[in-house]
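Every value quoted in this text rests on a predicted model; they were computed, and no experiment measured them.
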Amino acid sequence: MARHLITSALPYINGIKHLGNMVGSMLPADVYSRYLRQRGHDVLYICATDEHGTPAELAAKEQGLPVDEFCAQAHDAQKAVYDGFALAFDYFGRSSSPENREITQHFARRLNENGFIEERSIRQVYSPVDGRFLPDRYVEGTCPHCGYDKARGDQCENCTRVLDPTDLINPRSAISGSTDLEIRETKHLFLLQSKLENEVREWVSKHDKDWPQLASSIAHKWLTEGLHDRAITRDLDWGVPVPADTWPELAAEGKVFYVWFDAPIEYIGATKEWSDQDPSTRDWKSWWYDVDNDVRYTEFMAKDNVPFHTVMFPATELGVREPWKKVDYVKAFNWLTYYGGKFSTSQKRGVFTDQALDILPADYWRYFLIANAPESDDSSFTWEHFTATVNKDLADTLGNFVNRVLSFSKKRFGEDVPADGEPGEAEAKLGEQIAELLAEYESQMESLQFRKAAAALRALWSAGNSYLEEKAPWLEIKTDKDGAALTLRTAMNLIHLYAVVSEPFIPATAKTMREAFALTEDTAVWVTAAEAKALTAVPAGTPFTVPPVLFAKLTDEDLETYKERFGGTTAA
């Protein structure tokens, strides 16, 4: 079995993330990681909070906290939400860790030794009112490309174009709001991406047939426009410091590395954090450095992060001239919108992950988000769509099937799986159908087509309902009690199968379904085609209990409550 290295986009430290962040990176990475583990692969799922740069400083200033204290608290708060969503990271680190500092500085030294870093004097925005140079995100203004009036100095949130603070129209300080800004000269380090462009282009081209069109097209768009040398240091108090042994003057001025230089390196840094917790059994370099071909590296991220991970970070890795692992597959996502408008952390628009968990358990959200993942294009979250999906797929198709099978069997046969009846044509037909649907589910999961995988899972659940309707044990028991026993026993085996194969999507519910049966040895991690056809994992005589309702149906009153709280139309 291959080893699978999985990473998802690092969530910024400045506040709890919204549902769009969740479905665009961390949740699909978790679903895929869970599936791979079930199939017997060695999986390492790494993520971390992205703690450097202006968002951290600005958020800390807003709360009146030292930035290191703010980041520590915010990291714990985010991790608590991700635990609530049952994200099974192997390690969730911090980009402010000593490990990331060490590796980032190593990368910078090596790039410098290889002639890919240059010290340059540049003209930069300075605010006399604030008494400091203003890094990119400390400058706000109007985007020269789309006219968005809240664009930041590094990137326009509206059109995603990468910017320089001096590009902005009517710029202002994000600290004081002052428009009394000057342009002064200062020194910074530049990554000479122009010297690496051909190598990056060749590397990207090797993946054209493998990557999704979204990831490949974004990478080629950047390459077509040409790679420009880019400043990788900033005038900030918080970040990975420029090493004094290589750049003493800049270190004395307090320069730190640009967040987009050190953040991707944190994938390696977080893996080292994980390894340092148990160095006798964990070897971080076996995943990242001079690795064999058995490591397959998959990244999950929304489209605005794609350029940095398909072009800028690979350029960094190539320029280091060391055998660092590069991504094999980039699973890129479009945006989840809120009634057609963008979710926005900065503007507090949409449903945020902590709010979601306050309303309903994680499995409701996990299933809905993956079933509607914005893969081929943007997808829209509406409360009407959410409630309809929960009611139809989770409450009616899966939840009702489990409840009525177990409740009816307990009522008519007691608290053990009924023993009578021999499988016939209907059961053979069902077994073939379940095996085919399971193969479809596996195929879509292997190819990282999450919406199609959710549709295949839903079809598995529906097959059980169709079988139950065809056999109608509530009528069958009147004339053929043994036949009704067989029908219910077969349906109970379907419940167990659903528990196993649904675990990547709805882990808490899967655990509840599985624990309904008092099996002395339930070691199944997946279901083979032969097992799907036989449906004998839960033998006659096995004690069972009827679990609480798996999914509550959402009412019109619930719908109106949600819309009133969060708004039922796009925010202005």
For residues P547 and V402, report the shortest heavy-atom separation together with the two atoms involved. CG-CG1, 4.4 Å
When rounded to the nearest 0.5 angstrom, what distance separates NE2 in H228 from CD in Q193? 9.5 Å
When you check the side-chain N and O atoms of W222 and T310, is any donor under 3.5 Å from an acceptor? no
When you measure from the centre of the six-membered ring of Y329, is the NZ or CZ of K331 under 6.0 Å away and within 45° of the axis? no
Distance-only side-chain donor-acceptor flag, E273 / S97, under 3.5 Å: yes
Pair F381 + F368: ring centers closer than 6.0 Å: yes
How close do V295 and W287 get, counting heavy atoms only, and between which atoms? CG1-O, 4.0 Å
Any idea which heavy atoms bring R3 and S286 closest together, and the distance? NH2-O, 2.8 Å
Might you work through the side-chain hydrogen bond (donor to acceptor under 3.5 Å, both in side chains) test for N372 and S379, ending with a clear yes or no? CA-CA 7 Å; N372 296 279; S379 60; over 6 Å; no
Using the six-membered ring wherever Trp is involved, compare the ring planes of F450 and F300 and label them parallel, tilted or perpendicular (cut-offs 30° and 60°). tilted
Determine, for R321 against E199, whether the closest basic-nitrogen to carboxylate-oxygen distance falls under 4.0 angstrom. yes
Residues T7, H309; criterion side chain to side chain contact (heavy atoms under 4.5 Å, CB included); working and verdict: CA-CA 11 Å; T7 64; H309 292 82; over 6 Å; no
Is there a donor-acceptor contact under 3.5 Å from the side chain of T397 to the main chain of L394? no
Any chance you could measure N198, atom CG, to L227, atom CG, to the nearest 0.5 Å? 9.5 Å
Just do the side-chain hydrogen bond (donor to acceptor under 3.5 Å, both in side chains) check on D208 and S216 with the steps written out, would you? CA-CA 6 Å; D208 282 345; S216 183; 3.2 Å; yes
Take atom CD in Q213; do more than 12 heavy atoms of anything else shown fall under 6.0 Å from it? no
H52 and E266: side-chain donor and acceptor closer than 3.5 Å? no
Heavy-atom side-chain contact between P11 and C47 under 4.5 Å: yes
Would you mind reporting whether Q277 and Y91 have side-chain heavy atoms less than 4.5 Å apart? yes
Tell me whether N465 contacts the main-chain N or O of W461 through its side chain, where contact means a donor paired with an acceptor under 3.5 Å. yes
Heavy-atom nearest pair, A552 first then Y364, reads N-OH, 2.8 Å
State, to 0.1 Å, how close Y367 and A454 come at their nearest heavy-atom pair, and which atoms those are. OH-O, 4.3 Å
Are the side chain of Y467 and the backbone N or O of T490 linked by a donor-acceptor pair below 3.5 Å? no
From the list R34, R39, K511, R37, salt bridge (Lys or Arg N to Asp or Glu O under 4.0 Å) with E503 holds only for R34
Establish, from distance only, whether the side-chain atoms of N21 and H18 form a donor-acceptor pair under 3.5 Å. yes
Side chains of W526 and E531, heavy atoms from C-beta outward: is any pair under 4.5 Å? no
Member of Y267, F107, W288, F313 meeting the ring-ring contact (aromatic ring centres under 6.0 Å, His included) criterion with W324: F107
I'd like to check L360 versus L554 (side-chain heavy atoms, cut-off strictly below 4.5 Å). Are they in contact? yes
Can you confirm whether the side chains of Q78 and Y12 place a donor and an acceptor under 3.5 Å from each other? no
Distance alone, cut at 3.5 Å: any donor-acceptor contact between the side chains of T49 and E51? yes
Pair K392 + D396: basic N to acidic O under 4.0 Å: no
Please report the shortest heavy-atom distance between T353 and M22, naming the atom on each side. CG2-CE, 3.8 Å
With rounding to the nearest 0.5 angstrom, report the OG1 to CZ distance, T316 to F261. 5.5 Å
If you measure only the distance, is there a donor-acceptor pair under 3.5 Å linking the side chains of E440 and Q444? yes
Assess K303 against W335: is NZ or CZ under 6.0 Å from the centre of the six-membered ring, and within 45 degrees of the ring's axis? yes
Measure the shortest side-chain to side-chain distance between M492 and H496 over non-hydrogen atoms and say whether it is less than 4.5 angstrom. no
Would you please test D522 and F517 for side chain to side chain contact (heavy atoms under 4.5 Å, CB included) and show each step? CA-CA 9 Å; D522 187 5; F517 304 101; over 6 Å; no
Close side-chain approach of N305 and E299, heavy atoms under 4.5 Å: no
Whether E375 side chain and R451 backbone form a donor-acceptor pair below 3.5 Å: yes
Pairwise distance CZ(R514) to CG(L519) - rounded to 0.5 angstrom: 8.5 Å
Heavy-atom side-chain proximity of I434 to K533 below 4.5 angstrom: no
May I ask you to decide if R282's main-chain N or O and S275's side chain share a donor-acceptor pair within less than 3.5 Å? yes
Does the side chain to side chain contact (heavy atoms under 4.5 Å, CB included) test come out yes or no for H41 and R296, once each step is laid out? CA-CA 11 Å; H41 296 288; R296 178 170 173 80; over 6 Å; no
Nearest 0.5 Å, what's the CZ-CG distance between F386 and N391? 9.5 Å
Salt-bridge test for E317 and K325: reply yes if a basic N is under 4.0 Å from a carboxylate O, no otherwise. no
Parallel, tilted or perpendicular: which fits the ring planes of W203 and H207, with parallel below 30° and perpendicular above 60°? perpendicular
Hey, does the side chain of D363 reach the backbone of A508 with a donor-acceptor pair shorter than 3.5 angstrom? yes
Is the side chain of D30 donor-acceptor paired with the backbone N or O of A88 at a distance under 3.5 Å, no angle test? yes
K553 (side chain) donor-acceptor with F551 (main chain) under 3.5 angstrom: no
Report yes or no: does S462 contribute a side-chain atom to a donor-acceptor pair with the main-chain N or O of R458 at less than 3.5 Å? yes
Is there a side chain to side chain contact (heavy atoms under 4.5 Å, CB included) between R152 and L163? Walk through the geometry before answering. CA-CA 8 Å; R152 302 186 301 256; L163 302 171; over 6 Å; no
Would a distance-only check, ignoring hydrogens and angles, find a side-chain to backbone donor-acceptor pair under 3.5 Å from D294 to A2? no
Regarding Y35 and E442, is there a side-chain donor-to-acceptor distance under 3.5 Å anywhere? no
Student check: side-chain heavy atoms of V501 and L460 closer than 4.5 Å: yes
Decide if atom CZ of R101 counts as having more than 12 heavy atoms of other residues, nucleotides or ligands within a radius under 6.0 Å. no
